[in-house]
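Have a look at the structure below before the remarks.
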Amino acid sequence: MNSTINKEFRKKMKKNSQVTVEGIRKELMSSRFIIQSHNKEKLRKSLSLTNDLYLLDKTLLNPQIHKIHSKSLYERFIKHKETKSKKIYKFLTLLHSVEILNEQRILDSIEEMRYQIHKVVSESKSIWCLGSIEVEVVSLGMMRKIREEDKFSDSEHRKLDVLEKLSKRLRKKKERESESLVLIHFHGIVTSSSDYNLERFNYLLRLNPTWNKIPRQIELKNLSTSFQGSSKSLNENLKHISTYITKGGNDWYGNKSYLRYKIGFDNESYDSEDSWIKKNWRRNEILKKEQREEGIEDVLSLNRFEISLLTNVIHKLMCQRRDKKGYLIHSKSGKYSKDIYQNYIKSQQKSNKLPTTLSDFLN
């Protein structure tokens, strides 16, 4: 009898232990890191929770990998620059869509963007385009909270306005009301032999129904000519852009990426950590308090699930090509890729049953 009681007791203890462990794991997955946590620590702890620790040094989020890819992209820009044809340079930013935190939905939306960019470029005249697909986790909940307590800058107003309008395209009300979403966008260099061809390319971009509903969803602008009072050469521009668009992470300052929410569109223009801190910690009493204290949660930090999801999406994008540069889009006029079209069709036919949202993953 005692042995039967002990057996039942052990079963109950084991079950209770599993429930406790799973409860702790769920809480950890949705928790954020403390202030001053380093990227490597965030990655290691997040990936270990989802059994993806092997990705720690495999993506653009790793500084060494980022450096290799940044250098390679810069060399491609320089090689194009050194061809004999006349070139006018532009920097293209295209905000394609927002998606829920679902890996397959994100990848499908990326393939849609890739196909549509290739289609517009191929139908244009004398256009060359090379750039990077970017996936940014955005916290609409945090941005709305800050808007209520303080004034936004123009960049922050614009970003929240764009995100809220893009989110209206999501399928369900529950999805549209998500605290966090993913912004899928493209940054790249566009060149042409004439201003007319660039204007026509810009016009064709704006004919796309996915990209013409929201002001400033497309920006095709000149490269900067100066930085901190000094002139900026074309090579310096290309090097800076190569570094920036291969960053992988959400936020950027001091030539480093950070796994934190980016509140506005203009963080890349900051020249120092101090200027970034002043911008990000000025807004409300909660954030000001966190700047003064150590060992407490960083409310602008991505949570562990978001970091793991971001890492997995970047890795899958990279692996779409053998050279691990599947996150790049390279296209030129008159060249139409059947492979890109077929991948786009396949992505539209896939089901979205994979357990890759936070709630699906934890259930």
Counting N and O atoms only, with roles assigned by atom type, does the side chain of [X] sit under 3.5 Å from a partner on the main chain of [Y], one being a donor and the other an acceptor?
| X | Y | result |
| --- | --- | --- |
| R114 | Y327 | no |
| S72 | I68 | no |
| E175 | R171 | yes |
| S48 | L53 | no |
| S333 | I127 | yes |
| N212 | R206 | yes |
| S308 | F305 | no |
| S70 | H66 | no |

Just one of E134, Q217, E112, H185 clears the side-chain hydrogen bond (donor to acceptor under 3.5 Å, both in side chains) bar with H96, so which one?
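The residue from E134, Q217, E112, H185 that satisfies side-chain hydrogen bond (donor to acceptor under 3.5 Å, both in side chains) with H96 turns out to be E112.
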Could you give the distance from [atom1] ([X]) to [atom2] ([Y]), rounded to the nearest 0.5 Å?
| X | Y | atom1 | atom2 | answer |
| --- | --- | --- | --- | --- |
| Q116 | F186 | CD | CZ | 13.5 Å |
| K316 | Q104 | NZ | CD | 9.0 Å |
| E136 | L163 | CD | CG | 7.5 Å |
| R76 | H330 | CZ | NE2 | 5.5 Å |
| I100 | R105 | CD1 | CZ | 4.0 Å |
| L61 | H315 | CG | NE2 | 11.5 Å |

Taking the cut-offs as 6.0 angstrom to the six-membered ring centre and 45 degrees off its axis, would you call K81 and F77 a cation-pi pair?
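Negative - K81 is either too far from the ring of F77 or too far off its axis.
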Please determine if [X] and [Y] form a salt bridge, counting it only when a charged side-chain N lies under 4.0 Å from a carboxylate O.
| X | Y | answer |
| --- | --- | --- |
| R158 | E219 | yes |
| E75 | K71 | yes |
| K119 | E123 | yes |

For the residue pair [X] and [Y], confirm or rule out a side-chain donor-acceptor distance under 3.5 Å.
| X | Y | answer |
| --- | --- | --- |
| T210 | N208 | yes |
| S31 | R304 | yes |
| N197 | S124 | no |

Apply the test side-chain contact (heavy atoms from CB on, under 4.5 Å) to residues L259 and F33: give CA-CA distance (whole Å), side-chain angles for both, the deciding distance (0.1 Å), then the verdict.
CA-CA 10 Å; L259 295 167; F33 288 88; over 6 Å; no
Might you point out which heavy atoms bring I245 and S132 nearest each other, and give the distance in Å?
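Reported closest heavy-atom pair: O-OG, 2.9 Å.
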What's the shortest heavy-atom distance between I106 and V182, and which atoms?
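Nearest pair, atom of I106 first, then V182: CD1-CG2, 3.8 Å.
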Within a strict 4.5 Å, meaning less than it, do heavy atoms of the Y89 and N237 side chains meet?
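When only atoms from C-beta onward are counted, N237 and Y89 do not touch, as no gap falls below 4.5 Å.
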Close side-chain approach of D298 and S37, heavy atoms under 4.5 Å
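With C-beta onward as the side chain, the pair stays apart.
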Parallel, tilted or perpendicular: ring planes of Y244 versus H240, cut at 30 and 60 degrees
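It falls in the parallel class, under 30°.
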Determine whether more than 12 heavy atoms belonging to other residues, nucleotides or ligands lie under 6.0 Å from atom NZ of K213.
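For K213, atom NZ is crowded (more than 12 foreign heavy atoms under 6.0 Å).
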Could you check whether atom NZ of K325 has more than 12 heavy atoms from other residues, nucleotides or ligands sitting under 6.0 Å from it?
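Yes, enclosed.
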What verdict does the side-chain contact (heavy atoms from CB on, under 4.5 Å) test give for Y74 and N235, after you've listed the backbone C-alpha separation in whole Å, the side-chain angles of each residue and the deciding distance to 0.1 Å?
CA-CA 9 Å; Y74 174 64; N235 281 14; 3.8 Å; yes
State plainly whether one hydrophobic cluster holds both Y196 and Y203, where clusters connect Ile, Leu, Val, Met, Phe, Trp and Tyr through side-chain heavy atoms under 4.5 angstrom apart.
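Per the 4.5 Å side-chain linkage, Y196 and Y203 are not co-clustered.
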Is there a side-chain contact (heavy atoms from CB on, under 4.5 Å) between E306 and R32 once you walk through the steps?
CA-CA 10 Å; E306 291 166 346; R32 309 188 193 284; 3.9 Å; yes
